[in-house]
Amino acid sequence: MREAVHISRAPAPGPGLQELLVQVARGDQDAFTQVYDQVSGPVLGLVRSVLRDPAQSEEVAQEVLVEVWRTAPRYRPSRGSAMNWVLTLAHHRAVDRVRSAEAAAAREHRAALLDRTPDFDEVSEQVESRLEREQVRRCLRTLSELQRESVTLAYYRGLTYREVGELLSVPLGTIKTRMRDGLIRLRDCLGVSA
């Protein structure tokens, strides 16, 4: 069953909504009570028309009214009526809630798809890994002895260029050059693009 929401009301005696927002901006709680009385119905109606869920609509309407209290100093009468300002806040907050819900649903959908993806084939992983190792070994055999020893010591044993040079009794500059040349040849042999 739908509730009837009336957006327009007969003007209440006393200060108008614009004047009340100015007072709210100064921290006047009594003025906020009057603002609340004037805008809560229209805010709830607008939010409900966007969200359709009564419970979420009430929650968002409450958030909007808290935002009115916090951001009343930002209201500029020269830019539009007070009611339009409040309803714009309400509309933005309601649309944000819809977008947030849609993003959450999309995340859940992607997670569900990931849960349904088949596990990797362990045998094909092992075969592929073995083939890659054999290709690396074949390409290492194409390097010069110094290049192969340097690359092996640096990449398989984790030695630094300086340690490789000391172990092989070769100057550091020569090791760096041989390593660079060896890695370029390996890259070309393995078909890896730079």
Side-chain angles (χ1 to χ4, degrees), residues 2 43-71 74 86-194:
R2 293 185 170 236
V43 165
L44 181 59
L46 175 67
V47 170
R48 184 174 259 177
S49 72
V50 174
L51 294 179
R52 307 237 188 271
D53 178 358
Q56 278 198 19
S57 298
E58 289 174 6
E59 186 178 316
V60 170
Q62 182 179 0
E63 290 172 7
V64 169
L65 292 165
V66 169
E67 187 174 356
V68 167
W69 171 256
R70 288 185 315 105
T71 63
R74 292 186 197 159
V86 172
L87 292 178
T88 300
L89 292 176
H91 185 262
H92 286 268
R93 185 63 65 117
V95 169
D96 287 348
R97 178 65 63 100
V98 169
R99 287 180 181 153
S100 175
E102 288 173 351
R107 279 192 304 275
E108 288 174 13
H109 178 69
R110 285 191 304 270
L113 289 177
L114 286 175
D115 287 344
R116 286 189 274 169
T117 56
D119 293 336
F120 71 94
D121 184 359
E122 194 171 318
V123 174
S124 67
E125 268 305 303
Q126 289 174 351
V127 169
E128 189 176 314
S129 178
R130 190 172 298 140
L131 289 173
E132 287 173 355
R133 280 195 306 270
E134 185 53 42
Q135 186 178 10
V136 169
R137 283 190 195 111
R138 183 176 47 78
C139 289
L140 277 171
R141 287 191 293 267
T142 66
L143 302 179
S144 72
E145 175 119 10
L146 183 57
Q147 288 173 335
R148 183 173 47 258
E149 286 179 333
S150 300
V151 169
T152 302
L153 290 171
Y155 288 92
Y156 290 104
R157 290 204 186 157
L159 300 179
T160 65
Y161 286 6
R162 184 173 309 283
E163 291 169 334
V164 170
E166 290 172 1
L167 189 63
L168 298 177
S169 301
V170 177
L172 180 60
T174 304
I175 290 297
K176 288 181 177 181
T177 302
R178 297 300 176 262
M179 289 277 288
R180 187 193 74 231
D181 293 346
L183 291 174
I184 289 171
R185 286 180 67 184
L186 274 176
R187 180 192 70 203
D188 293 342
C189 179
L190 293 170
V192 177
S193 56

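When reading the values below, keep in mind they use all heavy atoms of this one structure, side chains included, and skip hydrogens, waters and symmetry mates.
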From CA spacing to verdict: salt bridge (Lys or Arg N to Asp or Glu O under 4.0 Å), R97, E63: CA-CA 11 Å; R97 178 65 63 100; E63 290 172 7; 2.8 Å; yes
Evaluation steps, side chain to side chain contact (heavy atoms under 4.5 Å, CB included), between T88 and H91: CA-CA 5 Å; T88 300; H91 185 262; 5.7 Å; no
Sub-4.5 Å side-chain heavy-atom contact between K176 and R180: no
Smallest separation among heavy atoms of I175 and G165, with atom names: CG1-CA, 3.5 Å
Nearest heavy-atom neighbours spanning C189 and Q135: O-NE2, 4.1 Å
Exceeds 12 heavy-atom contacts within 6.0 angstrom, atom CD of Q62: no
Nearest atoms (heavy-atom pairs only) where V43 meets A90: CG1-CB, 4.0 Å
By side chain to side chain contact (heavy atoms under 4.5 Å, CB included) - contacts of V98 (at least two apart): V50, L51, E102
Backbone of R74 reached by a side-chain donor or acceptor of T71 within 3.5 Å: no
Expected output: side-chain E166 to main-chain E163 donor-acceptor under 3.5 Å: no
Nearest-0.5 Å distance that lies between atom OG in S49 and atom CG in L44: 10.0 Å
R148 versus L140, closest heavy-atom pair with distance: NH1-O, 3.4 Å
Considering all heavy atoms, the nearest R48-P54 contact: NH2-CB, 2.8 Å
Rounded distance [0.5 Å steps], CG in L143 versus CD1 in I184: 11.5 Å
Close side-chain approach of L146 and T174, heavy atoms under 4.5 Å: yes
Flag, side chain of S100 to backbone of D96, donor-acceptor distance under 3.5 Å: no
Reported CG-to-SG distance for the pair L190 and C139, which is rounded to 0.5 angstrom: 4.0 Å
Test side-chain hydrogen bond (donor to acceptor under 3.5 Å, both in side chains) applied to S144 - qualifying residues, sequence neighbours left out: Q147
side-chain hydrogen bond (donor to acceptor under 3.5 Å, both in side chains) partners of R133, counting only residues at least two apart: S129
Closest contact, heavy atoms only, V164 versus A154: CG2-N, 4.1 Å
Stepwise salt bridge (Lys or Arg N to Asp or Glu O under 4.0 Å) test for R141 and E134: CA-CA 11 Å; R141 287 191 293 267; E134 185 53 42; 3.7 Å; yes
Interatomic spacing from CD in E145 to CG in L168 - rounded to 0.5 Å: 9.5 Å
Spatial distance of atom CZ (R185) from atom OG1 (T142) [nearest 0.5 Å]: 5.0 Å
CG-CZ distance between L172 and R162, expressed to the nearest 0.5 angstrom: 5.5 Å
